[in-house]
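What you see below is based on every heavy atom in this structure, not just the backbone, and it leaves out hydrogens, waters and symmetry mates. Since we're looking at a predicted model, the values are computed, not measured.
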Protein chains: 2
Amino acid sequence: MTAVKESSTRNFNKGVALTSCPVTFVMEKIGGYWKPIIIFHLMSGPKRYSELKRAIPQITEKMLIQHLKQLQNDDLVHRDAQAVIPPVVTYSLTKSGEDLFQVLDSMVDWAIKNGSV
Amino acid sequence: MTAVKESSTRNFNKGVALTSCPVTFVMEKIGGYWKPIIIFHLMSGPKRYSELKRAIPQITEKMLIQHLKQLQNDDLVHRDAQAVIPPVVTYSLTKSGEDLFQVLDSMVDWAIKNGSV
DNA sequence: ACAAGTACTTACCCCAAAGTATGTAACTAT
DNA sequence: ATAGTTACATACTTTGGGGTAAGTACTTGT
């Protein structure tokens, strides 16, 4: 157990910045490499786990379920599992998840304007 | 020198995903804890280094200049230094930086709607 | 003489995110 | 019998972002 100072900036952020800065709030939800990509693929409709895997070949299975779980916890993605064998698990965006379209869209706009692709 | 496998997902991303996914492109520019906050503070006009420091008390000086440098390299922020003593260095948003307003704004919208603050 | 302010720089540490590799349960098709 | 499919789980390692602490050069105020 390595102690973390009570007064560290990290702790301060966890308590204050994350809840008071809306942009950081969003980053916490869709930040990282894979989340926006997963969300993007779910924008075109619900997908099975294996479909997502094929749609994003570079992602490892660990990263895929890990992020799907986090997205569920953040109520951006809904998981529907059918109790059949082989299992059929379908992921879809929640209302909050769908609402992210505006955010991703403005990002794409900016990227196009500013030298990407 | 620890070798990194040629075929690692990371390398693949550096070469492909970063340039082909606009959202990831944006994340690379404004991702992380401090960049959006710094940009936010520059939205209200040019600021001196020390002004930024006072405006964001939790940030360390190392993080502040580090990110200011990265923002310069990404052409989001402009640095203006006057050769006087004590030094006067002013940071301001470039056109690209100002254009980020739409992106940050849509993030704030979403955050308000979805349970932050 | 020396503290204080300005805009940094440098060395070092820590941890969480990301990646690698492998295993599992339950069934189906050959 | 055994290979394949589906949707995961788990142990281990790496790496980069972020943090701490301290120092620098130059000048002004007391």
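Contact between Met43(B) and Gly97(B) at its shortest, heavy atoms only, is CE-O, 3.9 Å. Residues Ser96(A) and Asp75(A) approach most closely at CB-O, 3.7 Å, considering heavy atoms. The two residues Thr24(A) and Tyr33(B) have their closest heavy-atom pair at OG1-O, 4.4 Å.
Cluster note: Val84(B) groups with Val88(B) through ILVMFWY side-chain heavy atoms spaced under 4.5 Å, whether in direct contact or through intervening members.
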In a table with atom names and distances, give each donor-acceptor pair under 3.5 Å that connects a side chain of residues 61-69 of chain B to protein atoms at least two apart or in another chain.
residue	atom	partner	partner atom	Å
Glu61(B)	OE1	Tyr49(B)	OH	3.2
His67(B)	ND1	Met63(B)	O	3.1

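Residue contacts for Lys69(A): at a heavy-atom cut-off of 4.0 Å it reaches the sugar-phosphate backbone alone, with no base atom in range. Using a 4.0 Å heavy-atom distance criterion, Ile65(A) is classed as a sugar-phosphate-only contact. Across all strands shown, Gln66(A) has no heavy atoms under 4.0 Å from either base or sugar-phosphate atoms.
Atom C1' of nucleotide dT15(D) and atom OH of Tyr33(A) are separated by 11 Å, given to the nearest angstrom. Rounded to a whole Å, the CD1 atom of Ile56(B) is 12 Å from the P atom of dG19(D). If you measure from atom CD1 of Ile59(B) to atom C1' of dG18(D), you get 10 Å, rounded to the nearest angstrom. Atom CZ in Arg54(A) sits about 10 Å away from atom P in dT5(D), given to the nearest Å. In this structure, Ile30(B) places its CD1 atom 17 Å from C1' of dG17(D), rounding to the nearest Å. A straight line from CE of Met63(A) to P of dC8(D) spans 15 Å, rounded to a whole angstrom. As a whole-Å value, the separation of Glu61(B) CD from dT10(C) C1' is 13 Å. Atom-to-atom, CG of Leu64(A) to P of dA9(D) comes out at 12 Å; the value is rounded to the nearest Å.
Among residue pairs with one or both ends in residues 76-85 of chain B, none qualify as side-chain hydrogen bond (donor to acceptor under 3.5 Å, both in side chains); sequence neighbours excluded. Within the structure, salt bridge (Lys or Arg N to Asp or Glu O under 4.0 Å) contacts touching residues 38-52 of chain B (residues at least two apart or in different chains) do not occur.
In this model, the phosphate group of dG19(C) is approached by a side-chain N or O of Trp34(A) to a distance below 4.0 Å at OP1 or OP2. The side chain of Ser50(A) places no N or O atom within less than 4.0 Å of a non-bridging phosphate oxygen (OP1 or OP2) of dT5(D).
Distances from the side chain of His67(A) to the nucleotides dG18(D), dA7(D), dA18(C) place dA18(C) closest.
Comparing Lys62(B) and Tyr49(B) along DNA chain C, the residue whose closest nucleotide (by nearest heavy atom) sits nearer the 5' end is Tyr49(B).
Sorted by residue number, the list of members of residues 38-48 of chain A with any non-hydrogen atom under 4.0 Å from DNA chain C is empty. Within residues 70-92 of chain A, the residues that place at least one heavy atom under 4.0 Å from DNA chain C are, in residue-number order, Ile85(A).
Using a cutoff of 4.0 Å between basic side-chain nitrogens and carboxylate oxygens, Asp99(B) and Lys95(B) are scored as salt-bridged.
Between Met107(A) atom CE and Met107(B) atom CE the span is 3.0 Å, to the nearest 0.5 Å. Between His41(A) atom NE2 and Leu93(A) atom CG the span is 12.0 Å, to the nearest 0.5 Å.
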